[in-house]
Each structure stands twice: as C-alpha cells, then as structure tokens.
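Each remark here refers to the structure printed beneath this line.
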Amino acid sequence: EVQLVESGGGLVHAGGSLRLQCAASGFTFDDSAIAWFRQSPGKAREAVSCINARNGRTYYSDSVKGRFTISSDNAQSTAYLQMNSLKPEDTAVYYCAGVVLGGRAWLWGLAQEYDIWGQGTQVTVSS
C-alpha cells in the first residue's frame with residue numbers, strides 16, 4: 001500500500017522544538033521528493049520544506065529558513081522535519097507529501113505536484 005504516515009506533532013511553548021517524522025511505504029522513496037506542507041484554520045495550505053531524496057537537495061520557505069531542517073533516511077524510507085525556535089504562527093496541521101520523480105523536474109512548493117499525502121499531524125505553539 002502506498003502511504004505516508006506522519007508523527008511527532010504536539011504542543012510546545014514558543015522558542016521550543018519539535019521533530020516531525022514521515023514514514024513512507026509502497027513506493028520508491030529514494031527516487032522521490034518528500035515535502036512538508038502546513039495549513040491553519042482559514043488559511044491556504046503552505047509549502048514549508050522539501051527534500052529530493054535522490055540527491056539530498058533541500059528547499060525551504062522564507063518563513064522557516066534558518067529555523068527548520070529537513071532530512072531523510074533513505075534506508076528507512078523516512079523523512080524528518082526538525083523545527084527549532086518555534087513561533088505561535090507555526091501553529092498548523094503539518095502534512096507530509098510525496099511524489100516519485102523518475103528524473104523529471106518539479107515545482108517543490110506546488111501542492112498539485114504531489115500525489116501521495118499523509119493524514120497530517122497537529123503542531124501547536126503557545127505564546
């Protein structure tokens with residue numbers, strides 16, 4: 001079964017840290033791009049970060065650059081999002097998304113590029 005399963009969300013005070021995990025199965029992880037998106041009530045889904053699991057290249061939105069770090073363990077078919085210096089505005093449901101690239105280019109920040117989605121994990125940052 002093709003799936004992504006997120007874990008690691010929770011409640012943290014501003015300035016704290018969390019690490020999200022995205023476990024993949026059923027597709028070729030090391031030929032994929034894995035991204036994190038987030039959505040809070042009343043707002044559009046926002047691209048946060050992405051990793052090309054084939055070459056390790058990473059991408060970040062301006063809002064999280066310098067605070068969040070994305071990584072992957074290809075042997076475990078798992079991606080991680082280390083979130084430091086969290087702010088109340090980081091509060092959202094975080095979704096893991098994947099697409100098998102097969103060598104093609106893609107727009108990392110475009111949700112429509114991804115055809116595999118996790119169920120989401122809630123991150124709440126209190127002030």
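Residues: numbered from 1 along the sequence shown.
For the salt bridge (charged side-chain N to carboxylate O under 4.0 Å, His left out) test, residues two or more places apart in sequence or in another chain that qualify with R54 are D31. Shown here are the disulfide (SG to SG under 2.5 Å) partners of C50, two or more places apart in sequence or in another chain: there are none.
In this structure a side-chain-to-backbone donor-acceptor pair under 3.5 Å is present from D73 to Q76. At distances below 3.5 Å, not a single donor-acceptor pair connects side-chain atoms of Q39 with backbone N or O atoms of A44. Although no hydrogens or angles enter the test, the distance criterion places a donor-acceptor pair under 3.5 Å between the side chain of E6 and the main chain of G120. Panel note: side chain T58, backbone I51; no donor-acceptor pair is recorded below 3.5 Å. For the pair R67 (side chain) and S63 (backbone), a donor-acceptor distance under 3.5 Å is present. Between the side chain of T121 and the backbone N or O of G9 there is at least one donor-acceptor pair closer than 3.5 Å. Within the 3.5 Å criterion, the main-chain N or O of Y59 finds a donor-acceptor partner in the side chain of S49.
In this pair, F27 and F29 present their aromatic rings tilted. The plane angle is within the 30 to 60° band. By the 30° and 60° cut-offs, the orientation of the rings of W117 relative to F37 is tilted.
Put simply, the side chain of F68 reaches to within 4.5 Å of the side chain of L86, judged on heavy atoms. Inter-residue side-chain proximity for I70 and I34 is flagged as unmet; no heavy-atom pair is nearer than 4.5 Å. Between W108 and N52 the shortest side-chain heavy-atom distance does not fall below 4.5 Å. Counting heavy atoms from C-beta on, the side chains of W36 and C22 come closer than 4.5 Å. Between V48 and L81 there is a side-chain heavy-atom pair separated by less than 4.5 Å.
With rounding to the nearest 0.5 angstrom, the CZ atom of R38 is 4.0 Å from the OH atom of Y94.
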Handout entry: side chain to side chain donor-acceptor pair (under 3.5 Å) evaluation trace for N84 with Q82
Key = CA-CA 7 Å; N84 298 330; Q82 178 67 42; 2.9 Å; yes
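Ion pair D62/K65 flagged as a salt bridge, since at least one NZ, NE, NH1 or NH2 atom sits closer than 4.0 Å to an Asp/Glu carboxylate oxygen.
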